[in-house]
Amino acid sequence: MDEGWDESPVMDYAAGVKSNEGSAFSKGRGFAISQEASSDPFNNDTWGDNGDSNWGGNADGGSNQDRDYRGGSYNNDEGDNDGSSNRGRGRGRGRGRGGGRGGRGGRDNAGYSNGGGGGDYDDQNDDGSNEKREQKPKDIYVPEHLADDELFNTGISSGINFCKYEDISINITGEDYPQGINSFEEAGLRPIVLENIKKSGYNKPTPIQKHSIPIIAKGRDLMSCAQTGSGKTAAFLLPIINKLLSDKPLVIEGDHVEPQALIVSPTRELAIQIYEQARKFALRSFLKIVVVYGGTSVNYQLSQIMKGCHILVATPGRLRDFVEKGNISFSSVECVILDEADRMLDMGFMPVVEEILTHHTMTLMFSATFPEEIQHLAGKFLHNYIFVTVGIVGGACSDVEQIFFEVDKYQKRTKLIEILNEQGSDKRTLVFVETKRTADFLASFLSENNMPTTSIHGDRLQREREKALYDFKTGSKPILIATGVAARGLDIKNVHHVINFDLPSSIDEYVHRIGRTGRVGNSGKATSFYESEVNGPIASALARILQQAGQEIPAWLGSASMAGDFNKFGGTDVRGDNFGAQNYDQNPVEEIEEEW
Ligand SMILES: Nc1ncnc2c1ncn2[C@@H]1O[C@H](COP(=O)(O)OP(=O)(O)OP(=O)(O)O)[C@@H](O)[C@H]1O
């Protein structure tokens with residue numbers, strides 16, 4: 001136990017959270033906050049449903065720390081309902097298109113938020129009601145995409161441990177799988193693709209690329225599992241792009257388009273990232289790549305897909321909407337990729353996934369985690385597939401140093417401040433919490449303490465979410481408070497530290513979260529606050545993750561883990577010798593962070 005912890009002043013934080021269970025805040029109505037309370041939002045118990053969102057008003061008199069998440073007011077004048085004004089506020093990328101509902105879009109010293117937000121009431125209310133849905137405005141946010149020449153600035157440069165990938169054990173099962181490649185040239189990729197790979201700074205394929213690329217090139221179904229940050233995106237994009245360059249005609253008929261490859265991702269920001277990667281590898285080719293995701297203008301996205309689309313990257317909800325309206329047909333789809341496949345196969349996503357996968361195509365599934373029960377389910381959608389694992393399925397990346405502090409809930413905030421002060425304010429730090437409300441509280445609290453902070457979670461407008469990521473990536477707000485919506489897939493440069501302010505209830509989520517640092521051979525650090533009363537159920541799984549990553553298990557965690565059950569990891573091909581898939585009872589999804 002760290003003696004430096006200040007345990008005294010934070011009691012009311014927990015009390016405040018508890019007493020406001022299901023409060024109006026997370027419903028986007030904002031809340032009043034007194035001047036005194038503003039210095040300690042955790043201790044404030046006065047917030048309520050005052051539609052004027054005076055919390056946002058308070059941002060004026062607050063700490064001026066770019067609290068863009070603070071409430072504004074509904075305002076249709078400042079924005080631009082067709083997304084055509086407020087563009088390009090001198091930020092290079094020309095971001096900041098505004099839109100109708102100001103909602104919780106707030107003040108921002110950088111001048112971003114005054115345009116209000118594109119409407120997006122995306123989640124259910126905490127109480128399960130659909131009050132927000134009744135007043136749901138149209139999604140009008142029109143995102144700004146990266147310019148071509150910016151695409152090559154997006155990836156993370158490989159670190160000193162890149163060569164250690166060679167030492168990781170690889171397991172491949174399935175019938176008649178092809179040999180791995182040792183270089184991109186050996187993969188028979190077209191010159192234009194090779195050139196883009198080179199421009200991306202990739203000299204050598206990572207192990208998952210070495211094996212996945214020839215399997216996909218051969219047209220085989222694939223379940224592919226490798227640690228976070230080890231290049232899975234390129235492992236599927238490169239062979240798919242290469243294949244589609246065989247110049248098949250684009251299908252645009254009447255009011256619908258027929259993409260040839262479909263990539264589905266569980267979160268919007270990940271869909272955007274995959275889209276940018278796909279554009280990067282296909283640059284200067286004729287391929288048309290489009291992304292569709294929730295929280296953005298349907299008309300705008302429709303206009304994009306109707307220009308033609310070889311590769312469609314999508315979140316499932318928005319994809320389903322377009323399919324139901326008849327704007328997208330799967331008739332020409334040759335390949336479906338489920339990124340974060342285990343998540344995609346969670347119950348909440350199943351109906352739309354089933355709909356996509358019933359069309360017989362080459363099916364590829366990628367993830368760093370693949371619990372056995374999900375593998376069984378996945379097997380139903382794959383045909384004579386090959387299963388590739390690099391390292392331990394569901395294992396954490398060993399380049400991430402994992403640190404644990406045993407705390408009680410009243411100590412967490414003080415400990416967080418202590419860590420942040422110690423490391424210095426410019427270090428990019430991603431802080432994970434379990435609820436949207438805590439994300440807002442914590443972002444407010446840190447801002448009040450002169451730590452430029454932003455937040456991302458499913459209750460924020462899409463415009464705000466993208467801006468939060470942008471501010472984090474550019475370093476103007478080096479602290480990002482996030483819920484699980486940012487746990488998977490996001491590839492952000494120089495993330496120095498991941499902090500689990502709240503540990504997740506699922507070990508796989510833990511693995512994904514800490515994998516936002518220590519990517520592609522770089523070192524990273526992850527600190528977790530362990531509350532014995534709450535986190536006991538994952539103690540044994542955490543101990544195992546540490547053990548597998550070759551890291552020390554704190555004595556107290558070792559003892560705590562004795563009480564629990566070692567978690568299942570799905571470390572092998574569930575088909576066993578005969579590769580036979582079995583039935584699977586789906587696990588319920590705990591909390592659906594967003595509705596795509
Ligand atoms: N062969 C390579 N050489 C150098 N860098 C690479 C190579 N392949 C991928 N990268 C870079 O590694 C980073 C991580 O890749 P990617 O996001 O695909 O990882 P991932 O395995 O999908 O991770 P996660 O499981 O977290 O989604 C990216 O910045 C990517 O540009």
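All values derive from a computational prediction rather than experimental measurement. Numbering of ligands and ligand atoms starts at 1, following listing order.
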Checking heavy-atom distances from atom 20 (P) of ligand 1 to each of Q227, K232, Q209, the winner is K232
Query raised in the report: Between K199 and F152, is NZ or CZ placed under 6.0 angstrom from the six-membered ring centre and within 45° of the ring axis?
Result: yes
At under 4.0 Å between heavy atoms, what of F162 touches ligand 1? The answer is side chain
Logged contact type for F184 with ligand 1, heavy-atom cut-off 4.0 Å, is side chain
R513 vs D502, salt bridge (charged side-chain N to carboxylate O under 4.0 Å, His left out): CA-CA, chis, key distance, verdict = CA-CA 11 Å; R513 283 184 185 184; D502 300 321; over 6 Å; no
Under 4.0 Å between a side-chain nitrogen and a carboxylate oxygen: does that hold for R284 and E195? yes
Distance col, row Q462:CD vs K467:NZ, nearest 0.5 angstrom, shows 13.5 Å
| said: Regarding ligand 1, does G231 bring an N or O atom to under 3.5 Å of one of the ligand's N or O atoms? | reply: yes
Are any of the N or O atoms of I156 closer than 3.5 Å to those of ligand 1?
yes
Here the gap from I170 atom CD1 to H211 atom NE2, rounded to the nearest 0.5 Å, amounts to 3.5 Å
the protein heavy atom lying closest to atom 1 (N) of ligand 1 turns out to be K204 O, 2.7 Å
Residues passing the ring-ring contact (aromatic ring centres under 6.0 Å, His included) test with F330, sequence neighbours excluded, are H359
For G155, the ligand 1 atoms with a heavy-atom partner under 4.0 Å come out as 29 (O), 31 (O)
Checking heavy-atom distances from atom 26 (O) of ligand 1 to each of R519, K210, R488, the winner is R519
Heavy-atom proximity to atom 24 (P) of ligand 1, picking from G229, S230, P207, points to G229
Between T389 and the options C225, P207, S169, S224, the side chain to side chain contact (heavy atoms under 4.5 Å, CB included) test singles out C225
Item to complete: Examine ligand 1 and decide if any of its atoms is less than 4.0 Å from a heavy atom belonging to R516.
Response: yes
Quick note on ligand 1: atoms under 4.0 Å from a heavy atom of E340 include exactly 27 (O)
> Are any of the N or O atoms of T228 closer than 3.5 Å to those of ligand 1?
Replying inline: no
The closest protein heavy-atom partner of atom 27 (O) of ligand 1 is G489 CA, 3.3 Å
In D339, D508, D342, the residue satisfying salt bridge (Lys or Arg N to Asp or Glu O under 4.0 Å) with R488 is D342
Judged by heavy atoms only, the candidate from V520, D491, T369, L270 nearest atom 28 (C) of ligand 1 is D491
among protein heavy atoms, the one nearest atom 18 (O) of ligand 1 is T233 OG1, 2.6 Å
With a 4.0 Å cut-off on N to O distance, would you call E355 and R320 a salt bridge? no
closest protein heavy atom to atom 2 (C) of ligand 1 is Y202 CG, 3.5 Å
One should read off an interatomic distance between L262 CG and I328 CD1, to the nearest 0.5 angstrom, of 8.0 Å
